[in-house]
Amino acid sequence: MHDIKYIRENYDVFKKKISNRNNTTKIDDILNIDKKNRKLIQEKETLEKQKKDISKSKDEAMFQKSKEISLKIKELTEYQLKVKKELDSILSSVPNIPTEDVPVGSDEKDNKVIETIGDIESKNFKEKSHYELGEKLDMLDFDLATKTTGSRFVFVKDKLALMERALSNFMLDVHTLENGYNEISPPLLASETTMFGTGQLPKFENDQFEIKLDKNDGRKFLIPTAEVILTNIVKNQIVKLSDLPLRFVASTPCFRKEAGSYGKDTKGMIRQHQFYKVELVSIVENDQCLGELERMTKSATKILDRLKLPYRKIILCTGDMGFSAEKTYDIEVWLPSEKKYREISSCSSCGSFQARRMNSRYKNTNNENVFTGTLNGSGLAVGRTLIAVMENYQNKDGSITIPEALRPYMNNMDKILPIKS
RNA sequence: GGAGAGAUGGCUGAGUGGUUGAAAGCACCGGUCUUGAAAACCGGCAAAGGGGCAACUCUUUCCUGGGUUCGAAUCCCAGUCUCUCCGCCA
């Protein structure tokens with residue numbers, strides 16, 4: 001959510017910067033609506049002052065007049081609220097403004113590679129995809145998921161299930177013990193205001209799974225990422241300056257409808273309705289965001305370094321960034337079967353964009369309440385990391401060598417072999 | 001599912017119709033004292049929004065929305081949320 005004052009004073013700059021984003025909200029009327037809103041507020045307040053004066057004077061002769069004023073105020077207020085609502089609905093649907101160093105571009109083709117780490121090993125056999133490997137091992141079962149649930153779900157079985165769990169534990173250990181994050185095991189359902197806070201609502205409702213609790217309770221949604229629930233920890237709160245930065249990590253299932261991507265990545269477990277992800281969230285003073293983004297990205301890449309997986313870091317262009325982000329690095333891991341780098345983490349600074357939606361603030365050294373800075377990043381997507389390990393560590397016979405970093409988490413096994421039948 | 005209690009500033013917590021935006025305490029900020037710190041003492045300290053270059057000023061806000069009244073934190077109605085007890089349950 002943007003600060004209307006900023007927009008008022010910097011409209012041309014604002015408009016130009018928003019035009020670089022994939023923005024579908026019309027912003028042309030924004031200044032007029034704002035003006036109208038403020039004019040109505042003034043009129044209303046003038047009347048309110050009159051009424052207040054009468055009440056204070058206790059002059060019975062004026063009591064009738066006061067009643068009349070009340071009616072006028074009521075009318076004006078109704079109209080003003082309608083205008084305000086219109087203004088809010090526009091404001092809450094406009095994406096964040098990119099920072100200066102974000103490359104301008106329209107889609108993923110305009111993202112820029114920043115660095116490439118690790119050597120791509122050329123094997124003397126044709127590498128299989130993770131789903132071929134998994135099905136052959138009888139440890140990834142898509143058909144079974146179709147039977148019990150539907151498409152875009154998967155059963156992970158046996159040693160691969162163990163590996164999935166190991167990855168999650170390994171990542172959590174690195175982030176809590178080495179990177180200074182506090183582990184959280186959060187609710188997997190989020191309320192409507194929580195979803196609004198991080199920007200999933202109102203614009204992206206179609207991507208979310210809504211859950212009906214039997215009371216006529218408020219709306220609830222399955223979290224599409226732990227970012228939602230972790231960031232909202234500071235919702236409606238004035239955080240103590242001495243408590244910042246706050247750093248949280250959680251490993252949770254994530255649920256997405258992926259409405260926009262039917263037909264994309266239909267094979268395998270790249271794009272599922274449900275997947276595990278280890279998520280990092282930082283709440284910082286608002287001038288610390290960009291430094292924290294570097295720190296967070298390093299925390300995420302450290303996992304890939306330890307697993308010895310080849311990856312590259314890219315900066316997303318203005319058109320490809322998420323709604324709430326002001327700057328985003330994607331980390332892409334090498335997948336031999338596709339001969340491509342695929343996204344395995346996305347680390348974003350949101351500046352005070354989410355904090356304004358959540359009303360999350362801290363008192364700065366001048367004792368003023370200011371909005372916090374929020375950041376989120378995957379550290380890492382567990383399902384995709386599993387895929388990356390399988391494909392990069394596969395052997396000719398279809399077995400999978402276990403990365404050394406994971407062995408302590410997998411009973412010191414060094415290889416996954418087909419289940420004996 | 002049944003019964004009850006509650007929602008007031010960063011926090012704790014007074015306050016049942018007329019300058020109460022709201023006592024008190026804690027926290028925080030400034031000062032006195034001190035070599036320094038602590039303690040003690042003095043002073044300050046809610047937010048959001050509107051107008052103004054500014055000093056400043058106005059409006060709103062005691063969970064939300066209605067209602068009564070010239071006037072509501074305070075009275076009435078509806079709702080939301082939280083907590084406790086019982087039942088059910090991993």
Side-chain angles (χ1 to χ4, degrees), chain A residues 1-10 30-92 185-197 201 210-221 229 232-246 252-253 283 285-286 352-353 355-372:
Chain A
M1 182 102 93
H2 293 288
D3 182 2
I4 183 68
K5 277 191 210 155
Y6 170 83
I7 296 177
R8 216 180 277 156
E9 284 157 23
N10 307 278
I30 219 168
L31 288 186
N32 281 334
I33 299 173
D34 174 49
K35 207 178 250 173
K36 195 159 147 196
N37 180 44
R38 282 187 295 159
K39 187 169 160 257
L40 288 168
I41 289 173
Q42 280 179 47
E43 288 174 21
K44 186 180 77 171
E45 290 187 351
T46 308
L47 291 176
E48 277 166 342
K49 173 88 169 98
Q50 287 175 20
K51 192 177 159 188
K52 202 167 183 177
D53 287 341
I54 293 173
S55 159
K56 265 185 192 166
S57 73
K58 299 187 198 172
D59 175 0
E60 288 190 40
M62 295 295 286
F63 285 178
Q64 187 55 35
K65 168 93 177 157
S66 178
K67 276 188 166 178
E68 286 163 22
I69 293 174
S70 292
L71 283 173
K72 277 192 207 158
I73 290 177
K74 200 177 167 188
E75 274 173 36
L76 262 178
T77 305
E78 250 168 56
Y79 186 38
Q80 191 265 125
L81 284 178
K82 222 174 113 189
V83 173
K84 179 72 173 25
K85 213 173 158 188
E86 192 182 355
L87 183 63
D88 282 345
S89 109
I90 295 175
L91 281 176
S92 60
S185 176
L188 305 179
L189 292 185
S191 69
E192 193 171 5
T193 54
T194 293
M195 296 287 278
F196 177 85
L201 294 181
E210 183 165 359
I211 296 295
K212 293 239 184 303
L213 300 188
D214 40 13
K215 296 175 191 171
N216 28 350
D217 228 357
R219 303 177 74 192
K220 301 268 189 286
F221 299 84
I229 207 93
N232 275 280
I233 286 174
V234 293
K235 175 171 76 173
N236 286 330
Q237 196 183 324
I238 299 182
V239 185
K240 272 193 191 154
L241 181 58
S242 58
D243 288 340
L244 297 178
L246 291 166
T252 69
I283 313 292
E285 293 174 60
N286 58 15
S352 52
F353 186 86
R356 201 168 281 118
R357 294 173 153 256
M358 294 188 297
N359 193 27
S360 159
R361 297 168 297 170
Y362 66 97
K363 274 196 199 300
N364 66 13
T365 43
N366 288 335
N367 226 26
E368 302 158 328
N369 289 336
V370 292
F371 290 110
T372 54

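Keep in mind that what you see is a predicted model, and the values were worked out from it rather than measured. Convention: sequence-line order gives letters A, B, ...; per-chain numbering from 1.
- Regarding A:Lys67, its NZ atom lies at a distance of 9 Å from the P atom of B:U68, rounded to whole Å.
- Of all nucleotides present, none satisfies the Watson-Crick or G-U wobble test against B:C89 with each distance under 3.5 Å.
- In the set B:G49, B:A47, B:U59, B:G49 carries the atom at the smallest distance from any side-chain atom of A:Ile41.
- For the pair A:Gln42 CD and B:U60 P, the computed distance is 15 Å after rounding to whole Å.
- Side-chain atoms of A:Glu45 stay outside donor-acceptor range of the base of B:G51, with no qualifying N/O pair under 3.5 Å.
- No contact: A:Lys84 has no heavy atom under 4.0 Å from any strand.
- Taking atom P on both B:A5 and B:U57, the two are 45 Å apart, rounded to the nearest angstrom.
- Comparing the C1' positions of B:U68 and B:G13 gives a spacing of 30 Å, expressed to the nearest Å.
- Across all strands shown, A:Lys240 has no heavy atoms under 4.0 Å from either base or sugar-phosphate atoms.
- Within the 4.0 angstrom heavy-atom criterion, only backbone atoms of the sugar-phosphate kind lie near A:Lys51; the bases stay farther away.
- For A:Lys58 and B:G17, the NZ to P distance is 14 Å, given to the nearest whole Å.
- Environment of CD in A:Glu60: sparse, with no more than 12 heavy atoms of neighbouring residues, nucleotides or ligands closer than 6.0 Å.
- Each of A:Lys56, A:Lys49, A:Gln50 was evaluated against A:Asp53; a single residue qualifies, A:Lys49, per the side chain to side chain donor-acceptor pair (under 3.5 Å) test.
- Atom CD in A:Glu368 sits about 19 Å away from atom P in B:C28, given to the nearest Å.
- A salt bridge is absent between A:Lys220 and A:Glu210; no separation between the charged side-chain nitrogens and carboxylate oxygens falls under 4.0 Å.
- Residue A:Lys5 places its side chain closer to B:G49 than to any other of B:U59, B:A47, B:G49.
- Of the charged side-chain nitrogens involved, at least one lies within less than 4.0 Å of a carboxylate oxygen, so that A:Lys39 and A:Glu43 count as a salt-bridged pair.
- Here B:G18 is the nucleotide among B:G18, B:G10, B:G51 with the atom lying nearest to any side-chain atom of A:Ser55.
- B:G4 and B:U19: their P atoms are spaced 36 Å apart (whole Å).
- In this structure, the CG atom of A:Asn236 is 13 Å from the C1' atom of B:U64, given to the nearest Å.
- With a cut-off of 3.5 Å on both pairing distances, the Watson-Crick or G-U wobble partner of B:U82 is B:A5.
- B:A39 is unpaired under the criterion used here, namely a Watson-Crick or G-U wobble arrangement in which both key atom distances are under 3.5 Å.
- A:Lys52 has no side-chain polar atom (N or O) that falls below the 4.0 Å cut-off from OP1 or OP2 of B:U19.
- Separation of the C1' atoms belonging to B:C29 and B:U20 is 25 Å when rounded to the nearest angstrom.
- With both ends at atom P, the span from B:G66 to B:A72 equals 14 Å, rounded to whole Å.
- Between A:Arg38 and B:G51 there is a side-chain N or O to OP1 or OP2 distance below 4.0 Å.
- Between A:Leu91 atom CG and B:G49 atom P the separation is 12 Å, expressed in whole Å.
- Neither OP1 nor OP2 of B:A48 sits under 4.0 Å from any side-chain N or O of A:Arg356.
- Formation of a donor-acceptor pair under 3.5 Å by the A:Thr46 side chain with backbone atoms of A:Gln42 is found in this model.
- Across B:A22 and B:G30, the matching C1' atoms stand 25 Å from one another, rounded to whole Å.
- Between the P atom of B:A48 and the CG atom of A:Asn359 lies a distance of 8 Å, rounded to the nearest Å.
- When both pairing distances are held under 3.5 Å, B:A72 makes no Watson-Crick or G-U pair with any nucleotide shown.
- Nucleic acid contact for A:Lys65: none, since no nucleic acid atom lies under 4.0 Å from a heavy atom of the residue.
- Among the protein residues, A:Arg8 comes within range of the sugar-phosphate backbone only, with heavy atoms under 4.0 Å from sugar or phosphate atoms but none that close to a base.
- The minimum heavy-atom distance linking A:Phe371 with A:Ala355 is given by the pair CD2-O, 3.6 Å.
- Using Watson-Crick or G-U wobble geometry with both donor-acceptor distances under 3.5 Å, B:U34 finds no partner in any strand shown.
- Nucleotides B:A78 and B:G10 have their C1' atoms positioned 32 Å apart, rounded to a whole Å.
- Checking side-chain atoms of A:Asn37 against main-chain N and O of A:Val83 turns up no donor-acceptor pair under 3.5 Å.
- Two residues, A:Ile4 and A:Asn369, neighbour RNA chain B, and the one matched to the more 5' nucleotide by heavy-atom proximity is A:Asn369.
- Put simply, A:Lys74 has a side-chain N or O that comes within less than 4.0 Å of OP1 or OP2 on B:G67.
- The pairing partner recorded for B:G21 is none, the criterion being a Watson-Crick or G-U wobble arrangement whose two distances lie under 3.5 angstrom.
- The partner of B:A46 is B:U61, judged by Watson-Crick or G-U wobble contacts that both fall below 3.5 Å.
- Projected onto RNA chain B by closest heavy-atom contact, A:Asp34 and A:Ile54 fall at different nucleotides, the more 5' of which corresponds to A:Asp34.
- For A:Ile238, taking side-chain heavy atoms from C-beta onward, the closest of the listed nucleotides B:G10, B:G71, B:G49 is B:G10.
- Comparing the P positions of B:C41 and B:A46 gives a spacing of 22 Å, expressed to the nearest Å.
- The pairing partner recorded for B:A14 is none, the criterion being a Watson-Crick or G-U wobble arrangement whose two distances lie under 3.5 angstrom.
- In A:Lys36, the NZ atom is not crowded: 12 or fewer heavy atoms of neighbouring residues, nucleotides or ligands sit closer than 6.0 Å.
- Summarising the geometry, the separation between CD on A:Glu9 and C1' on B:C53 is reported as 13 Å, rounded to the nearest angstrom.
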